[in-house]
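Below is one structure, written out as structure tokens, with a few remarks after it.
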Number of protein chains: 2
Amino acid sequence: MTSRESALIDALRMIATHPAARGLADDAAVLPVEAGGLVLTHDMLVEGVHFLPDDPADSVAWKLVAVNMSDLAAKGAMPLGVLTGHGLGRDRDWDSLFVEGLADALRIFNVPLLGGDTVAMPAGAPVTLGLTAIGRAPECGAPSRSGAKAGDDLWVSGPLGDAGAGLAIRQGRMDGGLASLVTAYQRPQPNLPLGQALASLVSAMADVSDGLLIDARRIAEASGCGVAVQMDAVPLSDALMMVRPDSWETRIEATTAGDDYVLLFTAAPDRRQAIEAASSRHGGNARRIGCCTADRGFALSWRGGAVPLPARLGFEHG
Amino acid sequence: MTSRESALIDALRMIATHPAARGLADDAAVLPVEAGGLVLTHDMLVEGVHFLPDDPADSVAWKLVAVNMSDLAAKGAMPLGVLTGHGLGRDRDWDSLFVEGLADALRIFNVPLLGGDTVAMPAGAPVTLGLTAIGRAPECGAPSRSGAKAGDDLWVSGPLGDAGAGLAIRQGRMDGGLASLVTAYQRPQPNLPLGQALASLVSAMADVSDGLLIDARRIAEASGCGVAVQMDAVPLSDALMMVRPDSWETRIEATTAGDDYVLLFTAAPDRRQAIEAASSRHGGNARRIGCCTADRGFALSWRGGAVPLPARLGFEHG
């Protein structure tokens, strides 16, 4: 067997060294687990939808792993393994670079490849990738989106908008800008240890994948409360500030672009000190950016005054 | 949100009623498990590769679930849940029929939908589906592909070749034939209870997805032994016998076409009675079709004589 598919499977086999993977030679992986909660997530990336056709294959692999690790981080979970679904496109060089990036990501996130499927796609079909991540839920239970209460603070674990600016640079919609912005788009850095440390402190938690505003609204809707976001308090990076003025427009862009993969969470005010300690211990930069309200509304403020919601809160399905 | 993607997610939410699914409103599913082995598998189906563009959407959904249940059956596992990865193609009617078929399959296999991802695909892209199945390993441990020993019997749990004939009918390569042949291709029936009952009796087990001969060779290769298949002993259905002569060609076709999703396993000769009892108790039709050999060869016999291997043993990747 020297086909492309076999070559890719052979390359994957080299990195699937965990005993549960059974050398990728079996119908399924068999993973021993202790009793407790398992956290399961599956996210897909499609060429031309979730990544650009000329994004390097190793960064696509990184992103595939990272977006799923971000979901585990939001549940405070410890990764146990991943399964990949790989619809082949392109050529062997793309595959090789993809496997390199996959191996790199799995090593950095310290999670084993347990199995999956590799299939040929019809000619011309976009590269279509799926990844299932399995994690162990924290002992306190995995935080949900629906636990926020009126009076809770709304927090975010790091700066917003870098990935959106990086995409704008890659698409030629923005000139200049530091390489770190493109890196934020291509190689997001979910913070698993921070998610684990926060799990027992938060009332609700999610990751920012579709945009801060839409993800905040989803927490409020799931929790049956309202939310008020102080747009001034939303943290922006120095790199973003070098290419954008600190304006309302910049902040709307940063909070609706998505792809940030920071943690968005709510917690009772008496948790502030513990959250700040956990954040600085795990390399986060947690900031309070608003609060949960008893009404079911969604309010934005800017420079001390109420401002209307933008027409678009983030990436909506479809 | 009234987009197609949202409509599909809403429809999926109606069938994701297990508490672990968290109403598909969270970043991840949270599944409580007892300590023990978990069996994990992920198989993909791509339009034009694994199913025909005009296969009914409900049968595609059935097949997506069934091929993954077949992997669990081969490990003797009890299904705990599934996650779907759904690359949208076609139109809303297709989606609706797909969800109907998915709900039907999940009900029949008694397995909850826990989560997944639904993404838009670029125009013209083939429908691309993935499914991750999670199961509980049997207490005796999940059989592997690599446990066969010289002297073991080689068994198959049901007739071969119906699905291949069904595909030939659907592609217009074969005239006539009972509807049951097309059903075998479109709606395979993996036998989970039989897999569970066999787990403690077998030395190695796999499902027949790519063709009996290639799957038998994979067991032998993984186990470091050889295998001899009596082609006369391979069970063929009455439906197949109505459209094909009982010839060498028919048997080669039936054992290389794949998509049968019956169980292929090896076991010590002293297990014969127990295997036959388990098979008849669980609606199987287990037949001994050969044995494992000390040499590492792959031998076929037909009407008492050795015969050469065909050029192609089954579906090879790529």
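Formation of a donor-acceptor pair under 3.5 Å by the Asp27(B) side chain with backbone atoms of Ala74(A) is not found in this model. Judged by distance alone, with hydrogens and angles left aside, the side-chain atoms of Asp215(B) form a donor-acceptor pair with the main-chain N or O of Asp210(B) at under 3.5 Å. Proximity of a side-chain donor or acceptor of Ser70(A) to a complementary backbone N or O of Ser209(A) within less than 3.5 Å is not detected. Judged by distance alone, with hydrogens and angles left aside, the side-chain atoms of Asp55(A) form a donor-acceptor pair with the main-chain N or O of Leu52(A) at under 3.5 Å.
The candidate from Val46(B), Leu72(B), Val33(B) with the greatest count of non-hydrogen atom pairs under 4.5 Å with chain A is Val33(B). Among Leu8(B), Ile134(B), Ile219(B), Val119(B), the residue with the largest count of heavy-atom pairs under 4.5 Å with chain A is Val119(B). Most heavy-atom pairs under 4.5 Å with chain B: of the set Gly87(A), Ala125(A), Ser144(A), this distinction falls to Ser144(A). Put simply, of Met205(B), Glu34(B), Met44(B), the one with the most heavy-atom pairs under 4.5 Å next to chain A is Met44(B). Taking chain B as the reference chain and counting heavy-atom pairs below 4.5 Å, the highest number among Gly37(A), Pro32(A), Gly85(A) is found for Gly85(A). Per-residue counts of heavy-atom pairs under 4.5 Å with chain A were compared for Pro122(B), Gly116(B), Gly48(B); the largest is that of Pro122(B). When each of Gly141(A), Pro126(A), Gly115(A), Gly135(A) is scored by its heavy-atom pairs under 4.5 Å with chain B, the top score falls to Pro126(A). Between chain A and the options Gly81(B), Ala206(B), Gly36(B), the largest number of non-hydrogen pairs under 4.5 Å is found for Gly36(B).
Heavy atoms only, all atoms of each residue included: Val39(B) and Ala28(A) are closest at CG1-CB, 3.5 Å.
In this structure, chain B has a heavy atom under 4.5 Å from the backbone of His86(A), while its side chain stays farther away. Using a 4.5 Å cut-off between heavy atoms, Leu114(A) contacts chain B through its side chain alone, with no backbone atom that close. With a threshold of 4.5 angstrom between heavy atoms, Leu45(A) does not approach chain B through any atom at all. Contacts between Thr84(A) and chain B at a heavy-atom distance below 4.5 Å involve the backbone alone (N, CA, C, O). Interface residue Val49(A): only side-chain heavy atoms are found under 4.5 Å from chain B. Of the atoms belonging to Ala222(A), not a single heavy atom falls under 4.5 Å from chain B. Proximity to chain B (any heavy atom under 4.5 Å) is restricted, for Glu47(A), to the backbone atoms N, CA, C and O. In this structure, the portions of Leu40(A) lying under 4.5 Å from any heavy atom of chain B include both its backbone and its side chain. Using a 4.5 Å cut-off between heavy atoms, Val30(A) contacts chain B through both its backbone and its side chain.
Side chain to side chain, Thr132(A) and His42(A) meet the donor-acceptor criterion of an N or O pair below 3.5 Å.
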Give the intermediate values and the outcome of side chain to side chain contact (heavy atoms under 4.5 Å, CB included) for residues Met69(A) and Val82(A). CA-CA 10 Å; Met69(A) 290 300 114; Val82(A) 303; 3.8 Å; yes

Start with the C-alpha distance between Met121(A) and Thr128(A), add both sets of side-chain angles, then the distance that settles side chain to side chain contact (heavy atoms under 4.5 Å, CB included), and finish with yes or no. CA-CA 9 Å; Met121(A) 299 279 284; Thr128(A) 303; 3.5 Å; yes

Do Asp95(B) and Arg92(B) pass the salt bridge (charged side-chain N to carboxylate O under 4.0 Å, His left out) test, and can you show the C-alpha distance, the side-chain angles, and the key distance before you say yes or no? CA-CA 5 Å; Asp95(B) 297 348; Arg92(B) 281 174 191 255; over 6 Å; no

Criterion side-chain hydrogen bond (donor to acceptor under 3.5 Å, both in side chains) on Thr266(A) and Ser203(A), from CA distance to verdict: CA-CA 5 Å; Thr266(A) 60; Ser203(A) 53; 2.6 Å; yes

Walk me through whether Leu83(A) and Thr41(B) qualify under side chain to side chain contact (heavy atoms under 4.5 Å, CB included). CA-CA 7 Å; Leu83(A) 302 155; Thr41(B) 184; over 6 Å; no

